[in-house]
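Shown next, in structure tokens, is the structure this report addresses.
Lettering follows sequence order; numbering is per chain, from 1.
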Amino acid sequence: MSFEHELLEQRYQKIRQLEELGFAAYPRKYAYTHTLGEIRQRYDNAGSEELAAARVGVRVCGRLLTVRRQGKAGFAHLMQGGDKLQIYVRQDAVGERDFNLYKMLDAGDIIGAEGYLFRTKTHELTVHVEKLEFLSKALLALPEKWHGLHDVETRYRQRYLDLISNPEVRRVFVKRSKIISALRRTLETHGYIEVETPMMQPLYGGAIARPFVTHHNTLDIDLYLRIAPELYLKRLTVGGLDRVFEINRNFRNEGVSTQHNPEFTMLEFYQAYSDYRDLMDFSEELLREAAAAAGDGATRAQYGEHCLDFSKLARLSMKEAIVELWPDDPTRPTPSDLADARRVAELVTAHNSNAEEKIVLPPGASLGESIGLLFEHVCEPRLIQPTVVYDFPVEVSPLSKNKPDDPAWVERFEIFAAGMEIANAYSELNDPQEQRRRFQSQVALRERGDVETHEMDEDYLRALCYAMPPTAGEGIGIDRLTMLLTDSKSIRDVILFPLLRPEGEIGIAEQLRKLNETGS
RNA sequence: GGGCGCGUAGCUCAAUUGGCAGAGCAAGUGACUCUUAAUCACUAGGUUGCAGGUUCGAUUCCUGCCGCGCUCACCA
């Protein structure tokens, strides 16, 4: 028999033993008077005399973290909701039955304790227990109490253990929730309504990516997990939902990395009768509110070695960004150079002669594609402070409206921070004829074998034919924003259950079955 | 998918040039009525990820596989 199974069996026996003491193995509820957090908040500053005089009675509950037994008395720490509180159990205060329970408790068990608050000799706020209640048994041992759980695979697969033993992990996900809540509140303040559009779509679109495919049995049709909600949300602006947003998952059948998970959370919002400049202003407010929510009011966030200031967004056109962020050397271009295909080709060569990451121009690359690649390589890594970069080449922006004064460029912006793209927005294309042409060219690419292109979405074209108001739309990557605001290096640290390969046989069912046979 | 790295007790980690697989925590027994990584004594706990190979001898060297991490490519 393995040691692990031996532990399991010992602890399983303890369930029978505590039942013999008259405790239920899995009782229904525990009526606590305070959360541990409430007690800490209210009494952390109360002195010994004050507590003794008030004799504050409490019923608290939580998971047992550490137990320190010393004969006929002992201490333990409870944890609940990320807060800890010490309890003091002595036989003459709780009686023999409850003290017998205390003696057989293990770290990880969940208990309730009733008593009064006092301060120990070392001034720690503690519950002097008068009645102990058993609530649930930890049959498996918790990770090591001092070093905690480090194994990255176990942390992701068994996130509950990570949450128990690494307090910082809990803080990250609490912040994530606050960030989403702040975004939602800010959108609602501006008259937005939240909607949910299909995740399973007969045609996928709204982004350039490979989809996951699934199947509906009764209808006998293949469906795609959405790569973006965009085309559905824009249908809603046709329907008169002038300000809509959706916070939900997108699925893209692509590689995983520290910045990519196959399912990820996106905020998308659309605002009718507005253009991309309106969204620049609004984005500033959204990000400021999100940062403040994560930072307890502070709009600065430490990310690695950088202090990111979300109180405002710097703004640069793409052309300005290339000129301004170009290394300070004689090859630096002037704005007019970027209108000249030959000069741009020289700039690519100049960049490649110094840079580690070379730009590889696809055969027959257009001026716009070249500028887009120049921007990615020259500027993206240098965009540390939150920055709006606006006006993109039309060739790299199939869904945006052209600029009225220069059809080579479109009304689009992206927001960067710490070298990472966190938002993408544009004045939405609402001319059905132009939209048909762009679908058509995508279909042509598809026939040449490009699997990531759009299909012709006639239902969407029909919607545009009923007139979509001029509209601006934006997507903000919630996971990446959360990374920035929680100082997380990997997207897996802000997703509770990131995609991993299945683990295979765990064997716990068989072990429990054996216990059931031998233990009864 | 490519490159690099890691995998030793439930957890966190050691193991000299290839020479008897160890420690702390967790666990069991005992002592202890203000401890807090409680302490003290004793006990138990291992197919060194899996499968091969080289060798008198492999945790250590080699090959393949599995899992994870980092990174590149794709992408947000």
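- The NZ-C1' distance, from Lys103(A) to A31(B), rounds to 12 Å in whole Å.
- With sequence neighbours left out, the ring pair (Phe, Tyr, Trp, His ring centres under 6.0 Å) criterion links Tyr224(A) to Tyr204(A).
- For residues 377-396 of chain A, the pairs satisfying salt bridge (Lys or Arg N to Asp or Glu O under 4.0 Å) are Asp391(A)-Lys403(A), with sequence neighbours left out.
- Nucleotides C42(B) and G24(B) are separated by 11 Å at their P atoms, to the nearest Å.
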For nucleotides 71-73 of chain B, give me every protein contact, N/O to N/O, under 3.5 Å, one pair per line with atom names.
residue : atom : partner   : partner atom : Å
A73(B)  : OP1  : Glu357(A) : OE1          : 3.3

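- As judged by a 4.0 angstrom heavy-atom cut-off over every strand, Ile422(A) is placed among residues making no nucleic acid contact.
- Inter-residue side-chain proximity for Asn248(A) and Pro229(A) is flagged as unmet; no heavy-atom pair is nearer than 4.5 Å.
- Residue contacts shown for Phe99(A) are absent, as no nucleic acid heavy atom lies under 4.0 Å away.
- Separating the C1' atom of U29(B) from that of A21(B) is a span of 26 Å, rounded to the nearest Å.
- Nucleotides of RNA chain B nearest to Ala73(A) and Thr66(A) differ in position, and the one nearer the 5' end is that of Ala73(A).
- In the interface, the side chain of Gln86(A) is paired with the base of U35(B) through a donor and an acceptor atom under 3.5 Å apart.
- Listed for the Ser427(A) side chain is a donor-acceptor partner under 3.5 Å among the backbone atoms of Tyr276(A).
- Under the rule for a side-chain hydrogen bond (donor to acceptor under 3.5 Å, both in side chains), the partners of Asn166(A) that lie at least two apart in sequence or sit in another chain are Asp162(A).
- Taking the charged nitrogens against the carboxylate oxygens, Arg55(A) and Glu130(A) do have a contact shorter than 4.0 Å, which makes a salt bridge.
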Under 3.5 Å, which donor-acceptor pairs link side chains of residues 419-426 of chain A to any protein atom two or more places apart or in another chain?
residue   : atom : partner   : partner atom : Å
Asn424(A) : OD1  : Arg412(A) : NE           : 3.0
Tyr426(A) : OH   : Glu230(A) : OE1          : 3.3
Tyr426(A) : OH   : Glu230(A) : OE2          : 3.3

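- Nucleic acid contact for Arg119(A): none, since no nucleic acid atom lies under 4.0 Å from a heavy atom of the residue.
- Taking the C1' atom of each, U43(B) and G5(B) are spaced 39 Å apart, rounded to whole Å.
- Atom name C1', nucleotides A76(B) and C68(B): the rounded distance is 24 Å, in whole Å.
- Using a distance-only test at 3.5 Å, with no hydrogens or angles considered, no donor-acceptor pair links the side chain of Tyr116(A) to the main chain of Val129(A).
- When the options Thr486(A), Leu496(A), Asp479(A) are evaluated for a side chain to side chain contact (heavy atoms under 4.5 Å, CB included) with Arg176(A), the one that passes is Asp479(A).
- Spacing between C11(B) and A37(B) at atom C1', rounded to whole Å, works out to 14 Å.
- For the P atoms, the distance linking A58(B) with C20(B) amounts to 12 Å, nearest Å.
- Going from atom OH of Tyr204(A) over to atom P of A76(B) covers 14 Å, rounded to whole Å.
- If you take CZ of Arg501(A) and C1' of C65(B), they are 12 Å apart, rounded to a whole angstrom.
- Counting any heavy atom pair closer than 4.0 Å across all strands shown, Gly74(A) reaches no nucleic acid atom.
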Fill in the blank from the handout: Reading nucleotides 21-27 of chain B from 5' to 3' and marking B where a protein heavy atom lies under 4.0 Å of the base, S where only the sugar-phosphate is that close, and - otherwise, the string is ---BBBS
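- Formation of a donor-acceptor pair under 3.5 Å by the Glu144(A) side chain with backbone atoms of Trp146(A) is found in this model.
- Residue-level contact check: Asn253(A) touches neither bases nor backbone, having no heavy atom under 4.0 Å from any strand.
- In this model, a side-chain donor or acceptor of Asp92(A) finds a partner on the base of U33(B) within 3.5 Å.
- The ring pair (Phe, Tyr, Trp, His ring centres under 6.0 Å) test applied to Phe282(A) returns His190(A), Tyr192(A), Phe269(A), not counting sequence neighbours.
- A donor-acceptor pair under 3.5 Å is formed between the side chain of Tyr102(A) and the backbone N or O of Phe75(A).
- Residue-level contact check: Tyr88(A) touches the bases, meaning some heavy atom is under 4.0 Å from a base atom.
- Under 4.0 angstrom from either OP1 or OP2 of U39(B) there lies no side-chain N or O belonging to Arg68(A).
- Comparing A15(B) with U59(B), their P atoms are spaced 15 Å from each other, to the whole Å.
- Checking the phosphate oxygens (OP1, OP2) of A76(B), no side-chain nitrogen or oxygen of Arg480(A) falls inside 4.0 Å.
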Using atom names, set out every protein N or O paired with an N or O of nucleotides 3-5 of chain B below 3.5 Å, distance rounded to 0.1 Å.
none

Just distance, no hydrogens or angles: give the donor-acceptor pairs under 3.5 Å from side chains in residues 81-90 of chain A, sequence neighbours left out.
residue  : atom : partner   : partner atom : Å
Gln86(A) : OE1  : Arg68(A)  : NH2          : 2.8
Gln86(A) : NE2  : Thr126(A) : OG1          : 3.0
Arg90(A) : NE   : Asp92(A)  : OD1          : 2.8
Arg90(A) : NH2  : Asp92(A)  : OD2          : 3.0

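- Tyr460(A) meets the ring pair (Phe, Tyr, Trp, His ring centres under 6.0 Å) test with no other residue; sequence neighbours excluded.
- Taking only side-chain nitrogens and oxygens, Arg492(A) comes nearer than 4.0 Å to OP1 or OP2 of G69(B).
- Atom name P, nucleotides G1(B) and C62(B): the rounded distance is 24 Å, in whole Å.
- Mapping Gly71(A) and Asp479(A) onto RNA chain B by nearest heavy atom places Gly71(A) closer to the 5' end of the strand.
- No salt bridge links Glu411(A) with Lys401(A); every basic N to acidic carboxylate O contact stays at or beyond 4.0 Å.
- In this structure, Gln70(A) reaches the bases: a heavy-atom distance under 4.0 Å links it to at least one base atom across the strands shown.
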Fill in the blank from the handout: Applying the Watson-Crick and G-U criteria (both distances under 3.5 angstrom) with [ ] for crossing and | for other-strand pairs, one obtains for RNA chain B (((((((..((((.....[..)))).(((((.......))))).....(((((..]....))))))))))))....
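- Taking Leu142(A) as the reference, Arg63(A), Ile164(A) meet the side-chain contact (heavy atoms from CB on, under 4.5 Å) condition, with sequence neighbours excluded.
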